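The structure under discussion appears below in the form of structure tokens.
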Number of protein chains: 2
Amino acid sequence: MTESESVNVDLEIIVQGAQEGKKLELRLWLRMLSTTKLISQEIRRRLRNEFGATLPQFDLMAQLYRERDGLRLGELSKRTMVTNGNVTGLVERLETDGLVRRATPDGDRRVTVAKLTERGVELFGAMAAAHEGWLRDMMADVDPAIITELWQDIGEVKTSVSNHLSGNDFD
Amino acid sequence: MTESESVNVDLEIIVQGAQEGKKLELRLWLRMLSTTKLISQEIRRRLRNEFGATLPQFDLMAQLYRERDGLRLGELSKRTMVTNGNVTGLVERLETDGLVRRATPDGDRRVTVAKLTERGVELFGAMAAAHEGWLRDMMADVDPAIITELWQDIGEVKTSVSNHLSGNDFD
DNA sequence: GAGCAATATTTGAAACGTCAAAGGTTTGGG
DNA sequence: CCCAAACCTTTGACGTTTCAAATATTGCTC
């Protein structure tokens, strides 16, 4: 059936054309998402294999590493973009692993402050160094100028998105 | 050793000036990750509120929408970048919701093929249209030229990452 | 100073995510 | 044939994620 074949070809051309006509924003989003997933999975695998840690744990510890006096769980929640309930569980597991210690300040007994233990500081230091190296390796083929440019332009995207959220706004 | 100290100072100034103390790759990664999280959370919230669906379900249905004859679960797993075990559960839930149907072809009884039902096709069509609009809104303040440029440059990052994975390579 | 609103964390249910092990099915070499 | 290797999906253990409801504490108002 040469006719139906040629019809199919035409359809494919049309579809292709339409796909490239796929909205720019959607196309960018799909690529951002898949790239981020790819990198996350690689980092996750390596954190697991080399340090027995998870990515969320790493993120949380990174915040506590910066603020050596500790942070309230709510503050941790904001900085890691993770819900309150989730922070509870994360900190709980890190505490049983001896990497984090929880304490309630005398001033306000509603509050719980999480702080890295010595072991936590030590472990995170090692993980952070490795983590940075992994990223450098993964992006080794990308021109540094492009990396800087990407950083700036993604900043613009982030700003735009922040200004167009439906629910609660900024913070 | 004053000499080595001055060397250190010089190095730090250079490093600080060049990248504000953080390696380019790490800085880019942190920004990509937070931006992706921000957009994901917004899409998730809207999918939930307006359609009662989740983002992973949306992703999976998107693949089945393209391949109207259905896909094997393993193929779905690759395309959605989700593990096999996870696909099983996702498809199970979508099936109880009447959006997807599972079948085992006569030729090979190891295989399970998932396919959108009519309701699934209909619902996904509506979700996809809304989804595209949300993205356009969120990125409304970004110059289209920059969006296209980002798409290309992130493509370079993705390629580089793909070529520097530790475990299994390409696909 | 009693109660009510605001703040901060925890809990519980449901879904998503990984990995590794186990369960069927097919296929191919002897 | 047959049985061992390869293939595909499911299962189970554990961790992450969200949301909403529950709990606890503080602070403020009247």
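To find a chain, count down the sequence lines: A is the first, B the second, and so on, and within it residues start at 1. Note that the structure is a prediction, hence the values are computed from the model and not measured.
Rounded to whole angstrom, the span from the CD atom of A/Glu92 across to the P atom of D/dC14 amounts to 16 Å. Between the CG atom of A/Asn86 and the C1' atom of D/dG15 there is a distance of 9 Å, given to the nearest Å. Residue A/Met81 contributes atom CE, which lies 14 Å from atom C1' of D/dT18 at whole-angstrom precision. Atom pair B/Leu99:CG and C/dA15:P shows a separation of 13 Å (rounding to whole Å applied). Following rounding to the nearest Å, B/Leu38 (CG) and D/dT17 (P) show an atom-to-atom distance of 16 Å. If you take CZ of A/Arg44 and P of D/dC14, they are 19 Å apart, rounded to a whole angstrom. Across the protein-nucleic acid pair, B/Leu90 atom CG and C/dG17 atom C1' stand 9 Å apart, rounded to whole Å. Atom CG in A/Leu47 sits about 21 Å away from atom P in D/dC14, given to the nearest Å.
Listed for the A/Thr117 side chain is a donor-acceptor partner under 3.5 Å among the backbone atoms of A/Leu99. The main-chain N or O of A/Lys23 is never found under 3.5 Å from a side-chain atom of B/Glu132 such that the two would form a donor-acceptor pair. Panel note: side chain B/Ser160, backbone A/Met138; a donor-acceptor pair is recorded below 3.5 Å. Judged purely by atom type and a 3.5 angstrom limit, A/Gln57 uses its side chain to pair as donor or acceptor with the backbone of A/Thr54. Checking side-chain atoms of A/Thr159 against main-chain N and O of A/Gly155 turns up a donor-acceptor pair under 3.5 Å.
Closest-nucleotide positions on DNA chain D for A/Leu55 and B/Arg48 were compared, and the one nearer the 5' end corresponds to A/Leu55. Sequence order on DNA chain C of the closest nucleotides to B/Asn84 and A/Val87 puts A/Val87 first from the 5' end.
Within the 4.0 Å cut-off from OP1 or OP2 of C/dA15, not a single side-chain nitrogen or oxygen of B/Gln57 is found. For the OP1/OP2 pair of D/dG15 and a distance below 4.0 Å, the side-chain nitrogens and oxygens of A/Thr54 include no atom meeting the criterion.
Figure legend: cation-pi geometry between B/Arg68 and B/Tyr65, with NZ or CZ positioned under 6.0 Å from the six-membered ring centre and within 45° of its axis.
Using a 4.0 Å cut-off between a side-chain N of Lys or Arg and a carboxylate O of Asp or Glu, B/Glu42 and B/Arg45 qualify as a salt bridge.
In terms of heavy atoms, A/Pro105 sits closest to A/Ala103 at CD-O, 3.8 Å.
For B/Val82, the side-chain atoms get nearest to C/dT18 when compared with the rest of D/dT9, C/dT18, D/dT11. The nucleotide whose nearest atom lies closest to any side-chain atom of A/Thr88 is, among C/dT10, D/dT18, C/dC19, C/dT10.
Remark: B/Asp97 engages no residue in a side-chain hydrogen bond (donor to acceptor under 3.5 Å, both in side chains) (not counting sequence neighbours).
Within residues 64-77 of chain A, the residues having any heavy atom under 4.0 Å from DNA chain C are, by residue number, A/Arg72, A/Leu73, A/Gly74. Scanning residues 100-117 of chain A for heavy-atom distances under 4.0 Å to DNA chain C yields A/Arg102, A/Arg110, A/Val111, A/Thr112.
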